[in-house]
Each structure stands twice: as structure tokens, then as C-alpha cells.
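The structure displayed is predicted, hence computed values, not measured ones. Residue numbers begin at 1 in each chain, while the letters A, B, ... track the order of the sequences.
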Amino acid sequence: MALTIYNSLTRQKEEFVPVEPGQVGIYVCGPTVYGPPHLGHAKSYITFDVLVKHLRNSGLKVRYVQNITDVGHLTDDADAGEDKIQRQARIDQVHPWEVVDKWTRQYMNDMEKLHVAHPSFYVRASQHIGEQIEAVQALIANGSAYEVNGNVYFSVEAFPEYGKLSGRRLEEQKEAVRVESRGEKKNPRDFALWKKAEPGHILKWNSPWGEGYPGWHIECSVMATKYLGKTFDIHGGGLENKFPHHECEIAQSESLNHAPFCRYWVHNNMVTVDGIKMGKSLGNFKTCEDLLSRHSAEAIRAFILSTHYRSPSNYTEEAISATATGLTRLSQLQSALQELIEKQAGAGSADADAEKLCVEVEKKIVACLDDDLDTPGAIAALYSMVTDANKLLASSSLSSAGGQRLLSLIQKWGGEILGILAPAGKASAELDIAPVMDMLINLRKEMKAAKKFDVADSIRDRLKESGILIEDTKEGTRWRKA
RNA sequence: GGCGGCAUAGCCAAGUGGUAAGGCAAUGGUCUGCAAAACCAUUAUUCAUCGGUUCGAAUCCGAUUGCCGCCUCCA
């Protein structure tokens, strides 16, 4: 069984074969750090988080590199516009590096809260200025680029395959672009490799062409090939980056290295809110911080992963709430299994069934993830396993060992890999309310014995109002947080 | 205008030629003093519409309608 993944470059699903057997190099476009991380970031990075975890679980050694774009870049790829970071710095009246630092930290914080594992390492555009300058020089030297007035442009006509990723034909594009936008470029589709710093521009570096800063696309080409090789396995990112960003990356890299840049292009789809594009100008974008204040990380992940990565996720409050409700079945099972394990139940006749169930479910989950990262399918497999596990549990013929087997399975896939199951028992570290709860539960038990059900119900109702649920079972009363 | 994607039950969502996964919501039942949780059962003769290919199509092809994204920064 091996991974099959949809390759945007060939527009079909392909069996994944790494350049180096047993090893995977993956590069994912990270955020430009000038504002709060939002649900769109979450979709992208949760997707690649699961991909990487799945690859590692499959026995592959993965080097996962993600960039942090901390060099401004213009709001407009033509010659107008302002550096995004600098603009934010002006608005906040701080130094650009303060903007960069603040949002880098926020990004990493949010990702950690969302159980998105750290990449193998992050790379920063600002720390690879030298390499970028060298790449631009080499491109000029081999005739792929030219300098005009301190700006350097890549000449798309020097790369006949330009457009192969996005399906845009250069000839068709020419007509569409208005002549007046051409400026000093030889071809209006030429894109900047190096920009001259206008007066007042703060984030700038010395270069053979004077003070300036690197163009938008060159950082990814340089950093990806530096750490992963001239031809590496997977390049990931959001769909909206397919053109022009990724198209330009291919043009630069392949003109420079004369080797295929990346074998598999993986693009995740977008997030909409109530059916409409999420965007700053529309004022409907959901930040991770805001979402995390109202929903668990597990619910957010489950919401994202319950839609295939190549389909758009439509955020509605109703949808994410329903997802969260569904998730309680999984955590209920986890608690029930832990209870069984603590009881140290002896050999059970259902253990063989549990083992069989685990083998089947794991096989199914792996098959789903291997099939172009079908996370909705994997979650469905996990859910139907919950029903079966509950049946085994209800049969009272499961031993602690059998319970442990089931528990390990849901913790591995639900917890570690998909990240939709919170580890149990981590709650209430601040204050141990267990003794208080014991007291209340005993009191309620006495009331029930005395047939004072109104009092017993009142205790239960009031606890519910405080966010604690009381459940009477044959083994006694238990409680949990709502 | 160019490029790409999507339309599956009240809602979310799989399905990649062999006769519609899973979740939420709802209803009935078992259990319970009553609940909760759990389990059982029911909920799409049908996959936007119209044609075509095929023994057979939600799945392939064509047309139509609607929605979304990209083409300017964006995950």
C-alpha cells in the first residue's frame, strides 16, 4: 500500500514515489507575517500536518520545510503598491521587524494550539538574502533575467514552459494585459526578482543593483532547493498561490538548475464563510485565536478534516458545532475504555473481536489516507469503529488488555495523527474538584435512596448549569465536563 | 473575457463504471425513578437538468443551469 496523491502539475492522482527511497522532502509555503492567522491558514497547515504525520507513520523519513515570509513584497505585483509589512508597521507605528516578530509568534502559538506539529524547521526569507541575490545574478548570467533601473525581472519568454502548472498560455495572456501596465518590463508577464527600494523603504539590503529587496517568488525557489535539493518531492500550498507564485517558482528554479523543480504539487482548496470567500476586505475572516476561544482545537481540526483538502471548506457556526457534538462520541469511548483498564478486568472473550476490529479499522484508515489524503473517509472509519467498540464494551466481556488495544488505536489515529481527540485526564489541573464531586455525588445518592428525586435532580441540573454532566450507570455515578 | 473547481437527504460530507460510507439533527425502542451516555431501528429507488456511451453511470462524454476560486496581495 502506498500513497497516491493528486498532482496539480499533471492534473491526476499519481502514486507517490520519492526521489530518494524512504525519504521525503516537502516544502510548504508559509504565511507572510503581517496579520493574524486565520481559518485559511488552519486549513492549509492542518492538511499538510496530517500528510506529514501520515507519511512518517508509513515509515518514511520526512524533512518538512516551511518558510516564513518576513520580507515585505508589494501589495501589487505591478510596479505600484506598498510593502505589506511596511504598511502594517506604518499603521501600527512600529518598526517592520516588530510586525514580523509579533505575527510570527502569534502564528506559531496558534499552530501549536491547533496541534499542528512544528515542521522540521522554518526558514525565513530575510535570512536568505545572500542566496537570493546569487540566484538572481545567475539568472541574469544565463539570459533568463534582465536589469532595468535597479529592478531585475525574470523574462517569461526565456522559459517556454511558463504556464504549465496553471494552464495559462502565454500567448493568450498577452492580449489580456493592458499595454499601459507594461512599464519597464519587456513583457507584461515578466515578474520581479529584485526590486529597487524607493525612498523611505525600511526593509532593504545592498545588492549589485543597489539597495533593494527580493521579489516575491524567489525566496521559495532558493530556500526549497537549498534544503531539499534541486529536485524534491512535494511542494504544498494554497490553491490561490498556483498562479502566479508557484508558476514563477518553477520558471526561476528550472531556469537556474536545469532540473525539474518539484515532483508533486499539492494544493489545498480555500475556506469560505457562509458560502462566501473569506477575505479581509469583506470583513468576514475568522482568526484562529477567535475560533480557539469558542471551539476546541479538536473541533476545529475535525471541521477542517471532514472536508477533503481539495474541496472548499464552508465555515458556518452550525457546521462546526455539529462537528464538536459528534466528537464527544470519541472522547466518551476514550473515557469508558480508560475506566475499564483501571478496573483491571481479566481475560475476556471479546478480546479477539477487539483485535480483529483494530486491524480492520487501521487498514481502512490507512487506505483512506493513502488515497489522496481522504481524511473524511478516515474519520468515518474511526466513527464506525466507535460504534463497534461500544458494543464490545457493553458486552462486558472485554479485558483490560482488550480495552487497551482499542484505546491505543483511537489515541494513535484520533489523537496523534488526525488530532481530533484530546488526551484524556489533562483537564482540571488548576484545582482538583474530584473530592467535591464525590461529596455531591454521595449526597445525591442519599437523596435518591430516600426517594427525594427532586433534590437529586436539582443537584444534577445545577451542576449541568455549571458545565458538569452527571451520568448514572450500573457501575455507579460518574461526571464529566460538558 | 481567459483558466480551474464544485453541484449527493433538513444540515455537513464520502463515493474515481457494478447497483448510495460516516457524522449532526429528527422519530420510535432497549436501559433508567426520570435523565444522560450507550445500543437497536427508521430517515436519498436516488445523486442540479437534459441528452449520449455502456449489459450496467452519482461515477465517462456533450449541452444547459447555478455556485465558487484564480487571473492584483492572500493559506
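No engagement by A/Val28 is indicated, since no non-hydrogen atom pair under 4.0 Å with the nucleic acid exists. Note on A/Asn241: only backbone sugar-phosphate atoms sit closer than 4.0 angstrom, heavy atoms only; bases stay farther off. Residue contacts shown for A/Asp374 are limited to sugar-phosphate atoms, with no base heavy atom under 4.0 Å away. Residue contacts for A/Thr387: at a heavy-atom cut-off of 4.0 Å it reaches the sugar-phosphate backbone alone, with no base atom in range. Within the nucleic acid shown, A/Gly238 comes within 4.0 Å of sugar-phosphate atoms alone, with no base atom in reach, counting heavy atoms only.
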Heavy-atom contacts, protein to nucleotides 4-11 of chain B, under 4.0 Å, summarised as B (base), S (sugar-phosphate only) or - (none) per nt, yield S-------
Base, backbone or nothing for each nucleotide of nucleotides 57-62 of chain B, written B, S, -, heavy atoms under 4.0 angstrom, 5' to 3'?
------
At under 4.0 Å between heavy atoms, how does the protein contact nucleotides 28-37 of chain B? Give one character per nucleotide, 5' to 3', with B, S or -.
-----BBBBS
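Under the side-chain contact (heavy atoms from CB on, under 4.5 Å) criterion, A/Asp353 pairs with A/Leu392, sequence neighbours left out. In this view, A/Ser166 and A/Arg168, A/Phe243, A/Glu247 satisfy the side-chain contact (heavy atoms from CB on, under 4.5 Å) rule, not counting sequence neighbours.
Atoms NZ (A/Lys43) and C1' (B/A75) sit 10 Å apart, rounded to a whole Å.
Taking the six-membered ring wherever Trp is involved, the centroid distance between the rings of A/Tyr162 and A/Phe154 does not fall below 6.0 Å.
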Would you give me the side-chain donor-acceptor pairs under 3.5 Å for residues 459-467 of chain A, sequence neighbours excluded?
from, atom 1, to, atom 2, distance (Å)
A/Arg460, NH2, A/Asp457, OD1, 3.3
A/Arg462, NE, A/Ser458, OG, 3.4
A/Ser466, OG, A/Arg462, O, 3.1

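With distances taken from any side-chain atom of A/Lys84 to the nucleotides B/C39, B/C70, B/C73, the minimum falls on B/C73.
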